[in-house]
Asker: 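Next up is a structure, given as structure tokens.
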Amino acid sequence: YDIGIYLESSSNNNISGNTINSGDYNYVEYLIFLNNSSNNEINGNNINGGLGLESSSENNISNNEALKIVLQLSPYNNISTNHASNIYLFSSPNINLSHNIISYNSSTGIYLESSSNCTILDNNVTGVQTCALPILTGDAKDTNNNYYYTIGILLENSSNNIISNNNLASYSRGIIIRNSNNNLITANNCISDLKSFNINFGISFYNSQSYGISLDEISSNNTISGNTLINHAYGIYFHLTSNNIVTDNIFDDNNIGILLEDSSKNTISNNIISNGTYGILTWYSGYDSPSGSNSNLISENNITNQSFA
């Protein structure tokens with residue numbers, strides 16, 4: 001495919017101040033692409049397409065405008081102060097991802113797959129809502145009038161990451177940690193501008209509703225602390241997880257502040273939960289887990305103005 005600027009096995013280059021678009025061509029996936037290239041500066045470019053790295057390390061990607069930024073097999077890079085629709089990391093550990101503006105209209109704003117020891121810090125992540133959230137469906141419609149979910153930050157098979165001081169808005173799923181361990185999620189603001197809720201205890205909560213932070217698929221030893229979660233069906237939702245810590249978070253106007261479904265041995269302490277239906281709810285789905293939600297420690301929480309505590 002056609003690429004505007006392509007670096008192959010090249011180092012110590014400075015690519016800055018360029019305006020690149022695909023012109024009369026059909027959609028071009030990457031307009032700047034680095035392969036097996038290190039110690040390059042990619043700064044201040046306006047790209048009407050993607051910016052991609054493969055097998056490239058120790059590059060600085062900053063102050064660019066791009067449709068997307070994608071790293072594959074590319075560790076130890078810095079991605080900061082960019083404006084993009086999406087940032088995706090595939091098998092790219094030790095990435096600093098900070099002070100970016102992510103305005104996404106597809107499924108996920110920031111996505112890490114098999115990428116550990118990364119720092120996601122001080123980013124503004126905003127989705128695009130096109131309709132109110134229906135029960136048991138997603139929050140936006142595609143061109144075929146089908147609903148889909150939008151996710152602010154998604155980690156899959158990614159451990160030992162720090163997600164801190166990010167601002168997330170206009171999504172149905174704020175932060176999802178899936179099959180990932182030993183992550184720190186702290187001091188993030190998760191504020192949804194839509195909420196839908198209908199208590200139906202005959203179904204699994206997993207495929208329904210909106211929530212701020214979710215841990216699922218056997219994620220363990222994660223810490224969720226000091227976050228603010230406002231206007232969700234579920235503020236924090238655990239599904240099939242254990243040995244996680246939820247502490248010192250602020251919940252307001254969530255139908256359920258903290259929901260534990262088939263999740264055990266978690267610690268829930270020192271949270272402030274107000275203005276909802278349930279403050280903390282543990283639940284056994286009847287089919288995802290043979291044992292339900294057991295041996296959780298729930299202590300020293302301040303729960304007010306709930307229909308049910």
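In this text, all values refer to a predicted model and were calculated from it rather than measured experimentally. Numbers here simply count residues along the sequence, with the first being 1.
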Asker: Can you list the residues that meet the side-chain hydrogen bond (donor to acceptor under 3.5 Å, both in side chains) rule with Thr241, with sequence neighbours excluded?
Answerer: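 side-chain hydrogen bond (donor to acceptor under 3.5 Å, both in side chains) list for Thr241, sorted by chain: Ser263.
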Asker: Got a donor-acceptor contact below 3.5 angstrom from the Thr247 side chain to the Asn270 backbone?
Answerer: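 Between the backbone of Asn270 and the side chain of Thr247 there is no qualifying donor-acceptor contact (under 3.5 Å).
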Asker: Checking Phe251 against Ile258 for the side-chain contact (heavy atoms from CB on, under 4.5 Å) test, could you report, in this order, the C-alpha distance in whole Å, the side-chain angles of both residues, the deciding distance, and whether it holds?
Answerer: CA-CA 9 Å; Phe251 301 79; Ile258 301 172; 3.5 Å; yes
Asker: Which atoms form the tightest heavy-atom contact between Gly212 and Cys190, and what is the distance?
Answerer: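 Scanning both residues, the minimum pair turns out to be O-SG, 4.2 Å.
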Asker: Evaluate whether atom OH of Tyr6 has more than 12 neighbouring non-hydrogen atoms of other residues, nucleotides or ligands under 6.0 angstrom away.
Answerer: yes
Asker: Just by distance, no angles: are the side chains of Asn78 and Asn96 close enough, under 3.5 Å, to form a donor-acceptor pair?
Answerer: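 Yes, because at least one side-chain N or O of Asn78 sits under 3.5 Å from a partner of the opposite role on Asn96.
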Asker: Assess the pair Phe90 and Tyr111: is the distance between their ring centroids shorter than 6.0 Å?
Answerer: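 Yes, they do, as the ring centres are separated by less than 6.0 Å.
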Asker: Consider only side-chain heavy atoms of I, L, V, M, F, W and Y, link residues closer than 4.5 Å, and tell whether Ile69 and Leu7 are in one cluster.
Answerer: yes
Asker: For the residue pair Asn77 and Ser57, what are the closest heavy atoms and their distance?
Answerer: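 The pair with the smallest heavy-atom distance is OD1-C, 3.4 Å.
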Asker: Any chance you could measure Leu168, atom CG, to Leu229, atom CG, to the nearest 0.5 Å?
Answerer: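 Interatomic distance, Leu168 CG to Leu229 CG, rounded to 0.5 Å: 10.0 Å.
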Asker: With distance as the sole test, does Asn167 use its side chain to make a donor-acceptor pair with the main-chain N or O of Asn124 at under 3.5 Å?
Answerer: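 Side chain of Asn167 to backbone of Asn124, a donor-acceptor pair under 3.5 Å: no, none is there.
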Asker: The test is side chain to side chain donor-acceptor pair (under 3.5 Å); show your working for Asp252 and Ser274 and say whether it passes.
Answerer: CA-CA 5 Å; Asp252 186 56; Ser274 60; 3.0 Å; yes
Asker: Please confirm whether the backbone N or O of Asn182 pairs with a side-chain atom of Asn221, one donor and one acceptor, at under 3.5 Å?
Answerer: no
Asker: Of all residues at least two apart in sequence or in a different chain, which pass the side-chain contact (heavy atoms from CB on, under 4.5 Å) check with Ser295?
Answerer: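 Here the qualifying residues are Lys265.
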Asker: Mind checking what makes side-chain hydrogen bond (donor to acceptor under 3.5 Å, both in side chains) contact with Asn12, not counting sequence neighbours?
Answerer: none
Asker: Under the side-chain hydrogen bond (donor to acceptor under 3.5 Å, both in side chains) test, which residues partner Ser159, sequence neighbours left out?
Answerer: none
Asker: Is there a donor-acceptor pair closer than 3.5 Å between any side-chain N or O of Asn161 and the backbone N or O of Asn117?
Answerer: yes
Asker: What's the verdict on side-chain contact (heavy atoms from CB on, under 4.5 Å) for Leu154 and Ile110, showing C-alpha distance, side-chain angles and the deciding distance?
Answerer: CA-CA 6 Å; Leu154 170 60; Ile110 296 174; over 6 Å; no
Asker: Nearest heavy-atom pair of Ser56 and Asn35: which atoms, and what distance?
Answerer: OG-C, 3.5 Å
Asker: What I'd like to find out is whether the side chain of Ile177 reaches to under 4.5 Å of the side chain of Ile185, using heavy atoms alone.
Answerer: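 A side-chain contact exists here, since the closest heavy-atom pair is under 4.5 Å.
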Asker: Any side-chain donor-acceptor pair under 3.5 Å between Asn271 and Asn301?
Answerer: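 Result is yes, a qualifying pair exists.
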Asker: Of all the heavy-atom pairs spanning Leu31 and Ile3, show the shortest one and how long it is.
Answerer: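 Looks like O-CG2, 3.7 Å.
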Asker: Checking Ile218 now: which residues fulfil side-chain contact (heavy atoms from CB on, under 4.5 Å) with it, not counting sequence neighbours?
Answerer: none
Asker: Tell me the closest heavy-atom pair linking Gln306 and Thr304, and the distance in Å.
Answerer: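 Heavy-atom minimum between the residues: NE2-O, 3.1 Å.
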Asker: Has the side chain of Thr282 got a donor or acceptor atom that lies under 3.5 Å from a matching backbone atom of Leu260?
Answerer: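 Flag not set: sc Thr282 to bb Leu260 has no pair under 3.5 Å.
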Asker: Does the side chain of Ile120 reach to within under 4.5 Å of the side chain of Ile153, using non-hydrogen atoms?
Answerer: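 Side-chain contact under 4.5 Å: yes.
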Asker: Name the residue from Asn243, Asn181, Asn244 that meets the side chain to side chain donor-acceptor pair (under 3.5 Å) definition with Ser220.
Answerer: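 Passing option: Asn181.
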Asker: My understanding is that only residues two or more places apart in sequence, or in another chain, count here; which of them pass side-chain contact (heavy atoms from CB on, under 4.5 Å) with Asn43?
Answerer: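 Once residues adjacent in sequence are excluded, the partners of Asn43 under the side-chain contact (heavy atoms from CB on, under 4.5 Å) criterion are Ser16, Glu41, Ser62, Asn63.
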Asker: Are the side chain of Ser80 and the backbone N or O of Ser98 linked by a donor-acceptor pair below 3.5 Å?
Answerer: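 Between the backbone of Ser98 and the side chain of Ser80 there is no qualifying donor-acceptor contact (under 3.5 Å).
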Asker: For the side chain of Ser219 and the backbone of Ser180, is there at least one donor-acceptor N/O pair under 3.5 Å apart?
Answerer: yes
Asker: Is the backbone of Ile20 close enough, under 3.5 Å, to the side chain of Asn48 for a donor and an acceptor to pair up by distance?
Answerer: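 Absent.
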Asker: With clusters defined by side-chain heavy atoms of hydrophobic residues (ILVMFWY) lying less than 4.5 Å apart, directly or transitively, does Val246 cluster with Ile250?
Answerer: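 No; tracing contacts between hydrophobic side chains, which count when under 4.5 Å, never links both residues.
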Asker: Does Asn100 form a side chain to side chain donor-acceptor pair (under 3.5 Å) with Asn82? I'd like the steps, not just the answer.
Answerer: CA-CA 5 Å; Asn100 299 283; Asn82 300 281; 3.1 Å; yes
Asker: How about Ser9 and Asn36: does a side-chain donor come under 3.5 Å of a side-chain acceptor?
Answerer: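 A donor-acceptor contact under 3.5 Å links the two side chains.
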Asker: For Asp262, does its backbone N or O pair with a side-chain atom of Ser293 as donor and acceptor, under 3.5 Å?
Answerer: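 Yes, the answer is positive, given that a donor and an acceptor are paired below the 3.5 Å cut-off.
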Asker: Answer with yes or no after comparing the ring centroid distance for His239 and Tyr234 against a 6.0 Å cut-off, counting only values under it.
Answerer: no
Asker: Where do Asn45 and Gly17 come nearest, in terms of heavy atoms and distance?
Answerer: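 That closest heavy-atom pairing would be OD1-N, 3.4 Å.
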Asker: Please answer whether the main-chain N or O of Asn188 pairs with a side-chain N or O of Asn227 as donor and acceptor at a distance below 3.5 Å.
Answerer: yes
Asker: Applying side-chain contact (heavy atoms from CB on, under 4.5 Å), run through Tyr30 and Val70 and close with a yes or a no.
Answerer: CA-CA 9 Å; Tyr30 296 109; Val70 180; 3.4 Å; yes
Asker: If you apply the rule side-chain contact (heavy atoms from CB on, under 4.5 Å), what do you find for Ser192 with Tyr171, and how did you get there?
Answerer: CA-CA 6 Å; Ser192 176; Tyr171 53 81; 4.2 Å; yes
